[in-house]
Structures are given as C-alpha cells and as structure tokens.
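Worksheet for the structure shown next.
Throughout, residue positions are numbered sequentially from 1 according to the sequence presented.
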Amino acid sequence: MVRFLRILAIGNRSSARSGDRPAELALRAHYPLVAASVVCPNRLFGAMCVNGALVALRLADQYPTARLMETHPKVLYFALVGRPYAWPDQQDDMVQQLGGWLGLGQLEIPGGHAYDAALSTFAGLESLRGHWPFNLLDLPPNGEPLRFPAGQATYPWPAVVPPG
C-alpha cells in the first residue's frame with residue numbers, strides 16, 4: 001500500500017531546472033533538520049515516475065471523483081511532533097501517537113512502511129475534514145507550472161509553509 005501511495009505521489013513532476021517543485025523547496029527550507037530526506041520526484045527512478053502517472057491516470061478514469069493526494073510521511077511526522085522520524089527505535093511512541101490522532105486508540109502496525117501508509121491516510125483524512133487546508137502544491141511555481149495529467153492533486157499539510 002505504501003509503495004502504491006508513493007507511486008501515485010510522484011505522478012506530477014516539475015520541469016524546472018533543478019526538478020524541485022515549490023513543495024520540496026518549502027519543506028527543505030522550513031524543516032532544515034530533516035531537509036535531506038526531501039527528494040524531488042525527478043531524482044527518483046524514471047520508471048517509478050512513469051508508472052505513477054499511469055496508475056494515477058487509470059484511477060482517474062475508473063474513479064473520476066477520487067482525490068489524488070501526495071504525502072511525505074517522514075517530514076510530516078517531524079512537522080507534527082517536532083522531532084525526527086525514528087522507526088523502529090521509537091515505534092511504540094509513534095504508533096501510540098498515530099492511534100490518538102486517528103481516534104482509534106491502540107493500533108498494531110507491522111512495520112515502517114505500514115506506518116507511513118497509516119500516517120499518509122491520516123493526512124488525507126485531515127484534508128478531507130477541512131482541518132488541513134494548506135496545500136503544498138498551491139505554492140507559487142518556480143518555473144513552469146505543475147501539470148496534473150490525472151486531475152488536480154493535493155499535498156495536504158498541517159500548517160502553512162512559506163515558499164522555499
């Protein structure tokens with residue numbers, strides 16, 4: 001599931017000189033302690049980008065009212081708690097926090113990838129509830145505008161992040 005979510009997340013890319021979108025620049029600038037973990041989609045393996053776009057297009061065809069969302073669970077965790085993501089060293093605390101955020105109490109999460117998927121689900125849920133109205137994809141473009149071949153996507157974030 002996490003791999004699927006990440007594949008969908010890289011379906012939109014920037015053709016700006018560095019390949020960085022405003023979302024990546026803003027996250028690196030606003031969260032310098034974890035900036036090294038923010039990689040622009042253009043730096044990922046090309047096949048993942050192509051496959052991500054194809055999966056997103058297929059989903060858009062089959063579910064035209066679905067909302068495509070992108071997340072960055074490791075930086076999101078830092079934004080929410082103020083300390084770096086530390087799976088598996090702090091997994092018990094991380095799972096307990098997430099259970100509280102989701103209102104589900106005690107959770108059983110089998111590994112880091114499952115945690116990333118659950119945290120990404122929390123971000124999507126908060127966006128759909130209107131609790132996280134800030135969309136990192138709305139930051140001003142740093143070159144050509146972003147293109148969304150499968151329909152508009154959102155990158156929900158719990159707080160405003162200034163452009164990087």
Side-chain angles (χ1 to χ4, degrees), residues 1-14 20-41 44 52-53 55-56 59-60 62-141 146 148 150-164:
M1 181 65 166
V2 170
R3 190 169 290 161
F4 177 74
L5 291 172
R6 286 192 180 146
I7 288 171
L8 285 180
I10 58 177
N12 63 74
R13 302 172 3 133
S14 172
D20 284 329
R21 301 170 301 168
E24 284 84 33
L25 296 172
L27 288 176
R28 280 193 213 106
H30 198 68
Y31 302 103
L33 290 175
V34 291
S37 76
V38 180
V39 179
C40 76
L44 301 172
V55 169
L59 284 173
Q62 290 181 359
Y63 305 99
T65 60
R67 293 179 57 185
L68 296 174
M69 293 188 188
E70 178 174 354
T71 64
H72 193 304
K74 290 170 178 59
V75 177
L76 176 58
Y77 180 81
F78 183 84
L80 292 170
V81 301
R83 66 176 184 266
Y85 182 104
W87 192 277
D89 297 337
Q90 295 181 14
Q91 75 183 54
D92 292 340
D93 289 339
M94 293 169 69
V95 169
Q96 184 177 357
Q97 286 170 324
L98 182 57
W101 296 332
L102 289 167
L104 297 174
Q106 188 61 35
L107 299 175
E108 286 188 34
I109 298 181
H113 293 303
Y115 181 85
D116 290 354
L119 186 58
S120 296
T121 299
F122 173 63
L125 180 62
E126 290 301 281
S127 176
L128 291 171
R129 288 177 172 165
H131 297 167
W132 293 7
F134 189 72
N135 178 6
L136 288 166
L137 297 178
D138 287 340
L139 289 165
L146 298 177
F148 299 94
Q152 191 65 36
T154 58
Y155 196 149
W157 207 253
V160 173
V161 176

When rounded to the nearest 0.5 angstrom, what distance separates [atom1] in [X] from [atom2] in [Y]?
| X | Y | atom1 | atom2 | answer |
| --- | --- | --- | --- | --- |
| Met69 | Leu137 | CE | CG | 11.0 Å |
| Asp138 | Leu146 | CG | CG | 9.5 Å |
| Leu68 | Tyr155 | CG | OH | 14.5 Å |

Return the minimal non-hydrogen interatomic distance between [X] and [Y], and the atom names on each side.
| X | Y | value |
| --- | --- | --- |
| Asn135 | Ala153 | ND2-O, 3.8 Å |
| Trp132 | Trp157 | CB-O, 3.5 Å |
| His30 | Val160 | NE2-O, 4.4 Å |
| Pro73 | Leu119 | O-CD2, 3.3 Å |

Quiz item: Under 3.5 Å, side chain of His72 to main-chain N/O of Ser37, donor-acceptor pair present?
Solution: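 Indeed, once roles are kept as given, a pair shorter than 3.5 Å links the two residues.
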
Practice problem: Without swapping roles, check the side chain of Ser127 against the backbone of Ala123 for a donor-acceptor pair under 3.5 Å. | Solution: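 Judged by distance alone, no pair lies under 3.5 Å.
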
Contacts table for residues 76-83: side-chain donor-acceptor under 3.5 angstrom, sequence neighbours left out:
residue : atom : partner : partner atom : Å
Tyr77   : OH   : Arg83   : NH2          : 3.2
Tyr77   : OH   : Gln97   : OE1          : 3.1
Arg83   : NE   : Gln90   : OE1          : 3.0

Exercise. Give a yes or no on this: more than 12 heavy atoms of other residues, nucleotides or ligands lie within 6.0 Å of atom CD of Gln91.
Key: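 It does: Gln91 CD has more than 12 such atoms within range.
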
Practice problem: Count the heavy atoms belonging to other residues, nucleotides or ligands that lie under 6.0 Å from CD of Glu108, then report whether that count exceeds 12. | Solution: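 For Glu108, atom CD is not crowded (no more than 12 foreign heavy atoms under 6.0 Å).
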
Evaluate the side-chain proximity of [Y] to [X]: yes if any heavy-atom separation is below 4.5 Å, no if none is.
| X | Y | result |
| --- | --- | --- |
| Val161 | Leu136 | yes |
| Thr154 | Arg67 | yes |
| Met94 | Trp87 | yes |

For [X], what residues pass the side-chain contact (heavy atoms from CB on, under 4.5 Å) criterion, not counting sequence neighbours?
| X | value |
| --- | --- |
| Gln152 | Phe148 |
| Pro163 | Leu139, Pro140 |
| Leu102 | Leu98, Leu104, Leu107, Phe122, Leu125 |

Exercise. With sequence neighbours excluded, give me every salt bridge (Lys or Arg N to Asp or Glu O under 4.0 Å) pair touching residues 151-164.
Key: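 Those involving residues 151-164 do not exist here.
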
Self-check item: Pair listing, salt bridge (Lys or Arg N to Asp or Glu O under 4.0 Å) test, anchored in residues 117-134, at least two apart
Solution: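 Matches after skipping sequence neighbours: Glu126-Arg129.
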
